[in-house]
Protein chains: 2
Amino acid sequence: METEDCRVREVLDKVGDKWSVSVIGVLGRETRRFSEVKRAIPGISQRMLTVTLRALERDGLVTRTVYATVPPRVDYALTALGLTLLDSAWPLMNWALDHVGEIDKARDAYDRQRPEVPPQQP
Amino acid sequence: METEDCRVREVLDKVGDKWSVSVIGVLGRETRRFSEVKRAIPGISQRMLTVTLRALERDGLVTRTVYATVPPRVDYALTALGLTLLDSAWPLMNWALDHVGEIDKARDAYDRQRPEVPPQQP
DNA sequence: CAGGATCCCGAGCGATACTG
DNA sequence: CAGTATCGCTCGGGATCCTG
């Protein structure tokens, strides 16, 4: 954890950013249209979906296929590289799922110990 | 990837944030003092190290031990939970290390295809 | 030595409106 | 349908100064 660790962190930042994981998870092993991905991720704005997909495409993690139809249609899918990322991220995603409860409990315990600006009524 | 996915993302955000991974990596299986961790992570400010460590402690991932000596001394170490996180994160960290090169290449190729505001001299 | 308190800038992102 | 363009706000986080 020293010198080129920053490069790792850069990649981890990407995985950790607000939407990339969700998008990669939704794509999984199937090809999806823009609107399908959007519908599959409740809170995302079309802007952030576009931005996120562009970034993933730029990094060689997803492919973008445009069909010159009317109305337009664009398909997204994970590349081979993207699939290896998905596989490598699985353990961590599972960890998150498995331990959310523990984390919540730890957090509550921690918060109960420190008053931290006890509620006032302004 | 639908409803409680947001909880997973919340945890992933934590892992993906700017310093958590580095801190967890530095702690690894050994106890370290505040200043040791700080020195092991080049770019970090003491403020962000404090903030990051507090968040990890709150989530039950690291323990904080204060010695009432002069000068003061504070030790940090991963909890059992933190260790399971470290293990689960390994595959992803390795993936990042192994594929940084590929990502850079993909990025360069992508950028070379789109002019994207060709350099001007203002 | 370990960290609390402030100030402050800019990236990140949501909301909205327009287009091929 | 699948974007692009703008505006504006939030807040992450760096710099700096102070303390037990």
Side-chain angles (χ1 to χ4, degrees), chain A residues 5-6 9-23 26-27 31-59 62-77 110 113-117, chain B residues 5-6 9-23 26-27 31-59 62-77 110 113-117:
Chain A
D5 172 54
C6 52
R9 226 194 42 219
E10 182 187 325
V11 176
L12 272 275
D13 278 359
K14 171 161 295 308
V15 173
D17 83 13
K18 203 168 180 189
W19 303 111
S20 294
V21 183
S22 303
V23 170
V26 167
L27 288 180
T31 295
R32 304 258 178 173
R33 303 187 53 169
F34 184 90
S35 49
E36 290 178 321
V37 179
K38 180 148 171 33
R39 249 177 294 111
I41 305 177
I44 199 170
S45 66
Q46 89 279 43
R47 177 184 129 81
M48 285 318 295
L49 180 53
T50 302
V51 170
T52 301
L53 284 168
R54 281 292 185 287
L56 293 174
E57 187 196 0
R58 187 166 104 102
D59 288 351
V62 313
T63 57
R64 185 177 117 106
T65 314
V66 181
Y67 298 92
T69 59
V70 154
R73 168 199 180 122
V74 182
D75 283 356
Y76 292 91
Y110 184 97
Q113 283 194 343
R114 359 251 138 169
E116 82 163 279
V117 194
Chain B
D5 174 53
C6 50
R9 226 194 43 221
E10 180 187 325
V11 176
L12 273 273
D13 280 357
K14 171 160 298 305
V15 174
D17 84 12
K18 203 170 181 189
W19 302 110
S20 293
V21 183
S22 303
V23 170
V26 167
L27 288 180
T31 295
R32 305 258 178 172
R33 302 186 53 168
F34 184 90
S35 49
E36 290 178 321
V37 179
K38 179 147 172 33
R39 250 178 293 110
I41 306 177
I44 199 169
S45 64
Q46 89 280 42
R47 177 183 129 82
M48 284 320 294
L49 180 53
T50 301
V51 170
T52 302
L53 284 168
R54 282 292 185 288
L56 294 174
E57 187 196 359
R58 187 166 103 102
D59 289 352
V62 313
T63 58
R64 185 178 119 104
T65 313
V66 182
Y67 298 93
T69 61
V70 154
R73 167 201 180 122
V74 181
D75 282 356
Y76 292 92
Y110 184 96
Q113 284 192 344
R114 1 247 136 171
E116 86 165 274
V117 193

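Protein chains get the first letters and strands the later ones, always in sequence-line order, with residue 1 at the start of each.
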Here the distance between atom C1' of D/dC11 and atom CG of B/D17, to the nearest Å, is 14 Å
From the candidates C/dC1, C/dG3, D/dG3, the one with an atom nearest any side-chain atom of B/S35 is C/dC1
With the side chain defined as heavy atoms from C-beta on, A/R33 is closest, among D/dA2, C/dC1, D/dG3, to D/dA2
Notebook entry, point to check: Going by heavy atoms in the side chains, are A/V74 and A/R33 under 4.5 Å from each other?
Noted result: no
In whole angstroms, the gap separating C1' of D/dG20 from CZ of B/R73 amounts to 18 Å
d(B/K18 NZ, B/M48 CE) to nearest 0.5 Å is 8.0 Å
request  = Give a yes/no on whether any side-chain N or O of A/Y76 is located under 4.0 angstrom from OP1 or OP2 of D/dC1.
outcome  = no
Of the listed C/dG14, D/dG13, C/dG3, the closest approach to the A/S45 side chain comes from C/dG14
Here the distance between atom P of C/dG12 and atom NZ of A/K18, to the nearest Å, is 13 Å
query = Are any of the side-chain nitrogens in A/D59 or A/K14 under 4.0 Å away from the carboxylate oxygens of its partner?
reply = yes
By nearest-nucleotide position on DNA chain D, the 5'-leaning member of A/R64 and A/R47 is A/R64
Rounded to whole Å, the NZ-P distance (B/K14 to D/dG12) equals 11 Å
A/M48 CE to C/dA11 P, in whole Å, measures 15 Å
Here the distance between atom P of D/dT19 and atom CD of B/Q46, to the nearest Å, is 15 Å
Rounded to whole Å, the OH-P distance (A/Y67 to D/dA2) equals 12 Å
| request: Taking A/E57 for its side chain and A/R54 for its backbone only, find out whether a donor-acceptor pair lies under 3.5 Å. | output: no
Problem - Beyond-backbone contact of B/T63 with B/Y76, side-chain heavy atoms, under 4.5 angstrom - result: no
A/P71 has its side chain closest, among D/dG3, D/dC1, C/dA2, to D/dC1
Atom CZ of B/R54 and atom P of D/dG13 are separated, to the nearest Å, by 17 Å
Taking for A/F34 and for B/G43 the nucleotide of DNA chain D with the nearest heavy atom, the one nearer the 5' end belongs to A/F34
